[in-house]
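Let me begin by presenting the structure, written as structure tokens, before commenting on it.
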Amino acid sequence: MNGNKRKKKLLSYIALLVMVFVNIFGNTLVGKASESTSQSVNFKVSMSKVEIKAGATQHVSIPFQMSGTGVMEYPDFSVDADSSSPIDIISDIQIIEDSSKKEATNLYQGAKYLLEFDVQADELAANGSYKLTISGTGNYQDQDTGYMVPTSFSFPKKLSVKVTGQKSASKIKLSNIEYNEEVEQGEEFDISLKISNSGDLTAKEVNVSLGDFSSQTDIVPNYSTSDMSLGDLSTGSAKEVTFPVKVTKKAAAGTKSLKVTVNWYDEKKNEGYTETANIFINVVVPEDDVQNNGKPNIVITNVTQSPEKPTAAGKVTVVFTVENKGKTKVKQLKFTPSNVVASGLSPVSSKPYIYIDELKAGKKKTVKLQYDLSEDVTEGLHELTYTFTYKYLNKDGSDYEDATENVSLFVRDVTNPKVTVNTSVPKLIISNFNTGDAKLKAGEVFTFTFDVKNTHASIAAKNIKVSISSENNIFSQTEGSNSFYIEEIPAGATITQSIELKVKGDAASNAYPLKITFDYEYEGKTESADGKAEEVGTASKTVDEILNLQVSENARPVVQDIYLSSYDEPRVNEATTLTFNFYNMGKSTLSNVTATVVSDYYQASDTSTKFIGNVEAGQGNTYEIDVIPLMEGDCPGKLKITYEDSNGDTIELFADFTQFINPQPTMDPGTEGELPVETPVVPEAKKAILPTWAFVIIQVVVFFVAIFVARKIVISLYKRKLRRQEEESL
């Protein structure tokens with residue numbers, strides 16, 4: 001037993017000595033092998049330039065040979081590009097033996113190989129040459145020493161990849177804009193247009209809106225919102241868009257402008273872009289109405305500009321037609337710009353105004369204006385506001401009166417190559433809103449619910465202050481403040497907000513603008529102090545959204561005390577007077593008020609309609625209508641009141657009444673058609689029941705019988721008294 005223990009102990013010592021020896025000797029061999037092979041691995045490479053188009057994929061095959069005296073086992077190649085390079089390696093890297101076209105796992109001296117892989121250029125890759133570095137690792141065995149050691153290597157040259165066919169960003173084009181260039185009051189029509197993407201990349205989250213409703217309320221949307229979301233628009237594709245609009249019934253004559261705005265983001269660049277187009281609509285008022293208003297109908301049409309895309313420090317010519325559509329001659333027309341300095345445009349002529357001596361009814365005249373663009377003019381749309389004055393012949397034709405009107409013209413698509421800062425700003429829009437199921441009426445409270453959408457693809461809007469306001473407080477909050485705070489709206493997100501508002505009590509029927517202002521911050525690129533460089537940080541922006549809400553006035557007409565003939569009883573087929581009281585309890589004037597009786601039991605005696613005229617707010621009176629009852633007895637009827645509200649809509653109001661109608665008196669045939677003379681009716685005396693003598697005898701008999709009965713009763717009572725006295729004495 002002890003012998004076995006000693007053997008095991010001896011074997012353990014021997015194994016330990018062997019491990020120490022192998023470890024020391026092995027490290028020495030590896031160190032020598034590394035020293036002897038670190039510089040013996042070289043490659044002979046046939047490198048040629050690779051050409052690739054932006055967004056495309058290209059297969060790369062590089063011939064090479066390994067020099068030296070050894071063998072490389074399990075080589076592992078890698079291809080690397082600079083961090084800013086638009087070139088990506090999208091496949092595995094393979095080593096192909098040139099002779100057999102099979103994948104090789106080892107590299108031998110003098111053998112020919114192909115290094116193969118696929119590269120792809122980004123869609124936004126700019127034209128130019130980009131370098132790729134090829135390197136690797138493997139186990140190298142030198143044939144002279146026989147040692148196998150890990151080693152690293154690299155190709156002596158970098159691979160050059162040339163990118164061509166640089167792609168442009170997405171580009172939205174507005175075309176085929178169709179609408180009624182000449183419309184009348186109260187008319188409804190459509191504005192249709194085509195939106196197409198002519199760029200090389202997809203336009204993301206395309207949003208189109210019809211605006212400028214805040215500057216004029218004569219043409220308003222005929223639906224709930226003026227924004228439409230079209231989603232994504234791929235390159236070469238197009239979509240048709242239609243906006244229903246209507247002209248208010250009290251629209252003023254003249255040219256109205258509307259702006260179509262398209263916002264979108266590039267699929268790859270995540271930069272925001274905007275494209276706009278302006279349309280001009282001529283509102284025509286019927287000639288009779290124009291003359292009743294006392295002014296002629298002067299309109300601006302056929303507005304054009306040259307060139308179509310003016311450039312900073314260049315010139316632009318605006319041409320338009322002035323037309324007198326009225327029946328009255330005008331003279332001394334003078335057009336004077338009022339905001340050209342602020343717009344970055346200045347008149348070429350030292351005399352900035354245009355003068356027209358005379359413009360007869362039905363005549364036209366072409367006006368040409370030329371402007372210089374400043375070097376710092378901003379890109380996009382510029383509005384030019386003009387005030388034009390003229391004299392017109394009054395209705396009597398006795399004298400000329402003065403008139404003043406304002407008109408806006410637009411210079412579109414201004415470009416400025418010096419503007420180098422291209423900021424990407426999140427845009428907040430009202431994507432939808434709701435005011436409830438009922439119509440908005442003056443003096444009533446409603447809940448205004450709206451969706452706020454951040455249309456940007458990658459940047460959030462933060463610290464958002466939302467303010468709601470309207471001119472003359474047509475819409476006012478019922479309690480609290482008219483503004484509230486939203487912490488953040490992430491990119492592409494939508495949130496819903498609600499606020500309780502009240503319509504002003506004396507608001508007339510019309511479409512009123514409600515302004516929603518967004519003040520918010522975002523992280524992105526901003527202009528430096530000199531406006532020529534970009535800085536990254538927190539920027540702020542203010543955006544106004546204008547919505548038009550249709551309001552109906554609270555007319556509150558009241559009809560009271562309807563009765564017929566206050567002097568005598570009404571008879572069938574005789575003219576009588578229907579009297580009633582009418583009051584305007586609302587806040588607006590009721591125009592062209594008329595009254596008529598609607599019934600099968602009555603007809604008008606002279607005219608079927610009573611014209612009352614205009615009834616001011618808080619006013620009223622007693623009115624009469626002559627009618628003829630057609631039937632006897634209880635005859636029902638309806639009094640119909642018709643009036644126009646402040647929006648020009650015709651409203652009908654009905655009030656019921658019932659009156660008892662007497663019949664005509666009976667005709668005596670002997671009167672030959674003449675009415676009988678009515679005499680008082682004297683009551684006749686009633687006849688006696690008995691003759692007078694019989695009545696007297698009966699009365700005498702009754703008298704004597706009464707005396708006899710009374711005497712007998714008195715004697716009986718006296719005897720009873722005497723008998724009682726005798727009994728008491730005993």
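For the single chain, residues carry numbers from 1 onward in sequence order.
- Side chains of Ser192 and Thr242: no donor on one and acceptor on the other come within 3.5 Å.
- Under the 4.5 Å side-chain criterion, counting only non-hydrogen atoms from C-beta, Ile356 is not in contact with Tyr390.
- The closest side-chain heavy-atom distance from Val627 to Tyr601 is not below 4.5 Å.
- Contact annotation: the side chain of Tyr179 never approaches that of Leu258 to less than 4.5 Å [non-hydrogen atoms, C-beta and beyond].
- Between the Asp402 side chain and the Lys391 main chain, no donor and acceptor come within less than 3.5 Å of each other.
- Counting heavy atoms from C-beta outward, Met228 and Lys239 have side chains that stay 4.5 Å or more apart.
- Residue Glu178 holds its CD atom at 8.0 Å from CD of Glu240, rounded to the nearest 0.5 Å.
- Atoms OG1 and CG, on Thr435 and Leu549 in that order, are 6.5 Å from each other to the nearest 0.5 Å.
- Between Ser229 and Asn207, the side chains place no donor N or O within less than 3.5 Å of an acceptor N or O (distance only, hydrogens not considered).
- In this structure the side chain of Phe518 never reaches within 4.5 angstrom of the side chain of Ile489, judged on heavy atoms.
- Residues passing the salt bridge (Lys or Arg N to Asp or Glu O under 4.0 Å) test with Lys638 are Asp656, sequence neighbours excluded.
- Listed by chain and residue number, Glu652 satisfy the salt bridge (Lys or Arg N to Asp or Glu O under 4.0 Å) test with Lys640 (two or more places apart in sequence, or in another chain).
- Looking only at distances, no side-chain donor or acceptor of Asn263 sits under 3.5 Å from a matching main-chain atom of Thr274.
- Side-chain contact of Thr478 with Glu500: a donor-acceptor pair under 3.5 Å is present, judged by distance alone.
- Listed for the Ser599 side chain is a donor-acceptor partner under 3.5 Å among the backbone atoms of Pro636.
- Using cut-offs of 30° and 60° on the angle between ring planes, the pair Phe446 and Phe448 is perpendicular.
- Side-chain atoms of Gln497 and Ile486, non-hydrogen and from C-beta on, do get closer than 4.5 Å to each other.
- Closest heavy-atom contact between Lys427 and Tyr520: CA-OH, 3.9 Å.
- In this structure, the ring-ring contact (aromatic ring centres under 6.0 Å, His included) partners of Phe580, at least two apart in sequence or on a different chain, are Tyr623.
- Side chains of Glu616 and Thr589: a donor-acceptor N/O pair is present below 3.5 angstrom, by distance only.
- For the 3.5 Å distance criterion, the side chains of Ser483 and Ser481 qualify, holding a donor opposite an acceptor.
- Asn176 places no side-chain N or O within 3.5 Å of a backbone atom of Lys194 that could act as its donor or acceptor partner.
- At distances below 3.5 Å, not a single donor-acceptor pair connects side-chain atoms of Thr577 with backbone N or O atoms of Glu624.
- Inter-residue side-chain proximity for Asn180 and Glu187 is flagged as met; some heavy-atom pair is nearer than 4.5 Å.
- Ring geometry, Phe657 versus Tyr602: the interplanar angle falls from 30° to 60°, so the pair is classed tilted.
- Two residues are said to be in side-chain contact when any heavy atoms from C-beta on lie closer than 4.5 Å; Val322 and Ile300 meet this criterion.
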